[in-house]
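Working notes, structure below.
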2 protein chains.
Amino acid sequence: MDNKIITIKEIASRLNISPSTVSRALHDHKSIGLRTRTNVQKLAKELNYEPNQTAIFFQQRKTFTIGVLLPELSEAFFSSAISGIEDCASKNKYTVLMGQSHDDAEREKQLVETMKSHRVDGLIVSIAKNTITYEHFEALSKYDIPVVFFDRIPNMANIHYVACNMASGTTQAFNFLRKLGHKSIGMINGPMNLLASKERVEGYRNALTKARLKYDPSLIMSCDLSTESIYRVTEKLLSLKNKPTAIIAFNDYVLLDAVQAAKNLKLKINKDISFVSYANLPISNYSAYPPLASVEQFSYQQGQKAMEIMLDLLSKNKTENENHTFYKIILEPQLVIHTDL
Amino acid sequence: MDNKIITIKEIASRLNISPSTVSRALHDHKSIGLRTRTNVQKLAKELNYEPNQTAIFFQQRKTFTIGVLLPELSEAFFSSAISGIEDCASKNKYTVLMGQSHDDAEREKQLVETMKSHRVDGLIVSIAKNTITYEHFEALSKYDIPVVFFDRIPNMANIHYVACNMASGTTQAFNFLRKLGHKSIGMINGPMNLLASKERVEGYRNALTKARLKYDPSLIMSCDLSTESIYRVTEKLLSLKNKPTAIIAFNDYVLLDAVQAAKNLKLKINKDISFVSYANLPISNYSAYPPLASVEQFSYQQGQKAMEIMLDLLSKNKTENENHTFYKIILEPQLVIHTDL
DNA sequence: AAACATCAGGCAAACGTTTGTGTGATCTGT
DNA sequence: ACAGATCACACAAACGTTTGCCTGATGTTT
């Protein structure tokens with residue numbers, strides 16, 4: 001058995017040349033003669049030589065690995081996003097180290113540590129819904145580990161991110177419902193530490209202003225995205241004097257619970273109360289009560305774009321990145337209408 | 001700025017001791033005196049020393065990383081399984097390198113290469129549906145990289161795996177439908193290179209035998225899990241002379257398409273034709289036409305168990321693993337009934 | 001007090017690769 | 001034919017950590 005692991009040294013000694021020559025030969029370095037170069041490459045192939053990546057990582061201070069931190073893979077939005085990241089990464093010889101925060105800020109912090117200690121070259125993050133301090137991300141800049149956020153963006157200055165323009169998406173949703181004749185439109189919003197939640201409010205108010213309508217703050221309610229809180233705010237919305245005939249739900253998952261809450265109140269879906277939602281996940285296609293429309297957020301593209309930004313950041317050297325310009329990529333969402341009305 | 005990276009050497013020179021002493025002190029090696037030990041640890045903390053993992057990986061020939069290869073994260077079954085893997089891994093200081101084959105055998109092969117070159121300590125795999133050659137997995141044994149399969153098990157001898165007993169699950173499903181009065185029960189099966197497909201047939205036939213019924217092979221049809229092929233076999237099943245009144249679908253995703261196909265034929269779901277399925281994914285809860293029952297496959301537990309096996313394999317040394325005993329963990333599935341009938 | 005055990009720590013090699021520098025040998029132009 | 005350029009390769013250091021072996025200083029036993 002030639003079980004022995006083949007190294008550059010081994011090849012060198014068999015060919016009676018120095019390891020450095022072998023290394024250069026394998027990299028087609030011009031200073032190596034054609035003769036020895038082909039000799040080396042031939043023998044390497046014969047012996048089935050495979051470079052020891054751990055040695056290379058160590059030597060080059062680079063791992064060609066990027067960490068991806070996200071709340072929940074079981075949410076189709078994120079599993080689709082990570083596909084975008086992974087596809088783009090593998091095309092560029094990068095590998096993905098994955099971690100789920102399960103929407104727990106503490107676990108997120110810990111995962112950042114793990115990623116850092118594994119020496120990822122960069123980090124792509126969608127933050128947990130209850131993350132409110134950001135030191136663990138800020139610390140990474142000291143290690144020159146670039147961070148790109150997507151979708152769930154923290155409230156920080158000077159960060160790279162890619163997100164969807166939720167303001168515009170919300171305006172689209174609002175106008176769509178207005179056109180269907182709805183006068184009073186409620187909104188189940190997410191936690192206000194998320195940029196996306198603020199933008200939803202912004203889009204809602206923009207639409208109101210354009211339509212010269214006055215703003216009723218009680219029609220917008222924040223929840224923490226848990227089933228209980230969704231039930232609570234849905235019930236609250238539906239017991240208002242100015243009771244909405246349509247509700248914009250934070251996303252397709254929130255929608256599912258909101259629908260259930262409305263049904264518990266003996267309301268007829270799409271008659272007494274209609275829904276519009278965000279994300280446009282596949283479940284909508286099979287759902288018993290799909291939303292009238294859904295704001296497509298292009299998760300795959302968001303992931304892909306985030307990875308592209310990461311690659312760009314990694315290709316620049318440290319000083320180039322010091323010039324403090326930050327990527328802020330805003331994708332335009334698109335309202336997908338599910339009904340024939 | 002003390003931007004300088006803190007290494008063991010640095011600590012050593014500041015304390016005028018040797019690097020080896022520092023290393024041992026940090027590891028609480030007994031041969032280091034209490035004085036210097038605390039000195040070292042104090043200074044290390046002060047300087048915020050962090051071991052260079054890439055150096056350690058290199059030196060120890062171990063990366064504390066395990067690769068996970070699966071078909072599609074967007075399928076809830078797999079995203080749940082990887083959660084089980086990840087949770088178990090991170091509890092044991094392991095990290096997960098993720099790759100999706102997108103059910104493409106070629107890509108799978110390539111990912112195995114990537115994983116290998118990244119020197120993962122082990123690999124957990126659920127194979128692509130069209131994977132029929134296994135050299136890429138067999139090759140790993142030469143590198144002493146243990147492989148644990150789960151759910152989608154290849155047709156290989158001498159492998160470690162964890163799976164659900166699909167035969168028993170199918171028998172349960174079959175008997176459940178019989179009890180509801182169904183006489184002719186069809187099955188939409190998966191590709192026959194999957195062990196799970198064979199087991200479904202086995203369970204189906206076992207149930208028949210027990211009930212002293214005779215076997216009509218035309219009632220079991222394989223598909224390649226694509227939407228088109230699901231439509232095709234569903235239509236075929238429903239145009240049989242011995243037309244089934246109930247169908248066992250390969251999984252909850254197959255079910256969605258099968259239901260659609262049946263509706264296209266103007267059949268009333270749960271009246272003209274009923275369905276039972278596998279996996280028991282959350283979508284069933286929100287679906288317009290949920291199955292009457294679903295065979296829960298405990299994906300999270302499968303992932304977890306696979307990781308536990310992996311940890312065990314990694315804890316043993318090479319020769320211990322040479323004794324050729326292979327883990328075959330079979331979880332008992334459970335029929336979850338969704339209807340009140 | 002001699003013999004020996006234990007303690008506390010240093011030395012140096014090793015893991016596999018890359019890369020700056022050095023050096024003979026061949027080649028070019030005049 | 002000779003200075004200089006170019007070629008083809010070797011040498012050695014470096015990346016940060018771990019670990020087997022060695023040694024000088026205490027401590028213990030008789």
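Computed from a predicted structure; not experimentally measured. Order of the sequence lines fixes the chain letters, A, B, ..., with proteins taken first and strands second; residue numbering starts at 1 for each chain.
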Rounded at 0.5 Å granularity, tell me how far [atom1] in [X] sits from [atom2] in [Y].
X        : Y        : atom1 : atom2 : answer
A:Leu15  : A:Thr36  : CG    : OG1   : 8.5 Å
B:Ser90  : B:Ile85  : OG    : CD1   : 12.0 Å
A:Leu140 : A:Glu138 : CG    : CD    : 10.0 Å
A:Leu314 : A:Ile309 : CG    : CD1   : 11.5 Å

For [N], does OP1 or OP2 lie under 4.0 Å from any side-chain N or O of [X]?
X       : N      : answer
B:Thr36 : C:dG9  : yes
A:Lys9  : C:dC15 : yes
A:Gln59 : C:dC15 : no
A:Thr21 : D:dA10 : yes

Rounded to whole Å, please give me the gap between [atom1] in [X] and [atom2] in [N].
X       : N      : atom1 : atom2 : answer
A:Leu34 : D:dC9  : CG    : P     : 10 Å
A:Ile8  : C:dT19 : CD1   : P     : 11 Å
A:Ile5  : C:dA14 : CD1   : P     : 16 Å
A:Ile17 : C:dG24 : CD1   : P     : 20 Å
B:Arg37 : C:dG9  : CZ    : P     : 9 Å
A:Phe64 : C:dT17 : CZ    : C1'   : 13 Å
B:Asp28 : C:dA8  : CG    : P     : 14 Å
B:His29 : C:dC7  : NE2   : P     : 12 Å

Which part of the nucleic acid, if any, lies within reach of A:Ser23 when heavy atoms closer than 4.0 Å are counted: base, sugar-phosphate only, or nothing?
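Contact class for A:Ser23: base.
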Base, sugar-phosphate alone, or nothing: which one does B:Arg61 contact when heavy atoms must sit under 4.0 Å apart?
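Sugar-phosphate: the residue B:Arg61, judged by heavy atoms under 4.0 Å, touches backbone atoms but no base.
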Would you indicate which nucleotide in D:dC9, C:dC11, C:dT18 comes nearest to any side-chain atom of B:Ser18?
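Closest nucleotide among those given: C:dC11.
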With a 4.0 Å heavy-atom cut-off, tell me which residues in residues 41-57 of chain A come close to DNA chain C, sorted by residue number.
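Within residues 41-57 of chain A, the residues near DNA chain C are A:Tyr49, A:Pro51, A:Asn52, A:Ala55, A:Ile56.
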Could you tell me which residues satisfy ring pair (Phe, Tyr, Trp, His ring centres under 6.0 Å) with A:Phe57, sequence neighbours excluded, listed by chain and number?
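Checked A:Phe57 against ring pair (Phe, Tyr, Trp, His ring centres under 6.0 Å); matches are B:His118.
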Side-chain donor/acceptor pairs under 3.5 Å, residues 146-156 of chain B, sequence neighbours excluded:
| unit_1 | atom_1 | unit_2 | atom_2 | d |
| --- | --- | --- | --- | --- |
| B:Arg152 | NH1 | B:Asp103 | OD1 | 3.1 |
| B:Arg152 | NH1 | B:Ile127 | O | 2.9 |

Quick test: give all pairs of protein nitrogen or oxygen and nucleotides 20-27 of chain D nitrogen or oxygen below 3.5 Å, distance rounded to 0.1 Å.
| unit_1 | atom_1 | unit_2 | atom_2 | d |
| --- | --- | --- | --- | --- |
| D:dG20 | O6 | B:Arg24 | NH2 | 2.3 |

Are any of the side-chain nitrogens in B:Asp312 or B:Lys316 under 4.0 Å away from the carboxylate oxygens of its partner?
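Between B:Lys316 and B:Asp312 there is a salt bridge, with a charged N closer than 4.0 Å to a carboxylate O.
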Enumerate donor-acceptor pairs with a distance under 3.5 Å from any side-chain N or O in residues 62-70 of chain A to protein atoms, sequence neighbours excluded.
| unit_1 | atom_1 | unit_2 | atom_2 | d |
| --- | --- | --- | --- | --- |
| A:Lys62 | NZ | A:Tyr94 | OH | 2.6 |
| A:Thr63 | OG1 | A:Thr65 | N | 3.4 |
| A:Thr63 | OG1 | A:Arg119 | O | 2.8 |
| A:Thr63 | OG1 | A:Asp121 | OD1 | 3.4 |
| A:Thr65 | OG1 | A:Thr63 | O | 2.9 |

Among side-chain atoms of B:Ser80 and B:Ser83, is any donor-acceptor pair under 3.5 angstrom?
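No, no side-chain donor-acceptor contact under 3.5 Å.
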Atom CD1 of B:Ile132 with >12 non-hydrogen neighbours under 6.0 angstrom
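Atom CD1 in B:Ile132 is not crowded, with 12 or fewer foreign heavy atoms closer than 6.0 Å.
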Scan B:Gln110, B:Glu108, B:Glu113, B:Lys109 and name whichever one has a side-chain hydrogen bond (donor to acceptor under 3.5 Å, both in side chains) with B:His136.
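Only one option passes, and that is B:Glu108.
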Could you work out how much the helix from C:dA1-D:dT30 to C:dT30-D:dA1 bends, comparing the axis of its first five pairs with that of its last five, to 10°?
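Roughly 40° between the end axes, to the nearest 10°.
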Tell me, with the steps shown, if A:Glu50 and B:Lys116 meet side-chain contact (heavy atoms from CB on, under 4.5 Å).
CA-CA 10 Å; A:Glu50 300 178 60; B:Lys116 191 174 66 180; 3.2 Å; yes
Stacked pair A:Phe58-C:dT17, distance under 5.5 Å, angle under 30°
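Given the distance and angle limits, no, they do not stack.
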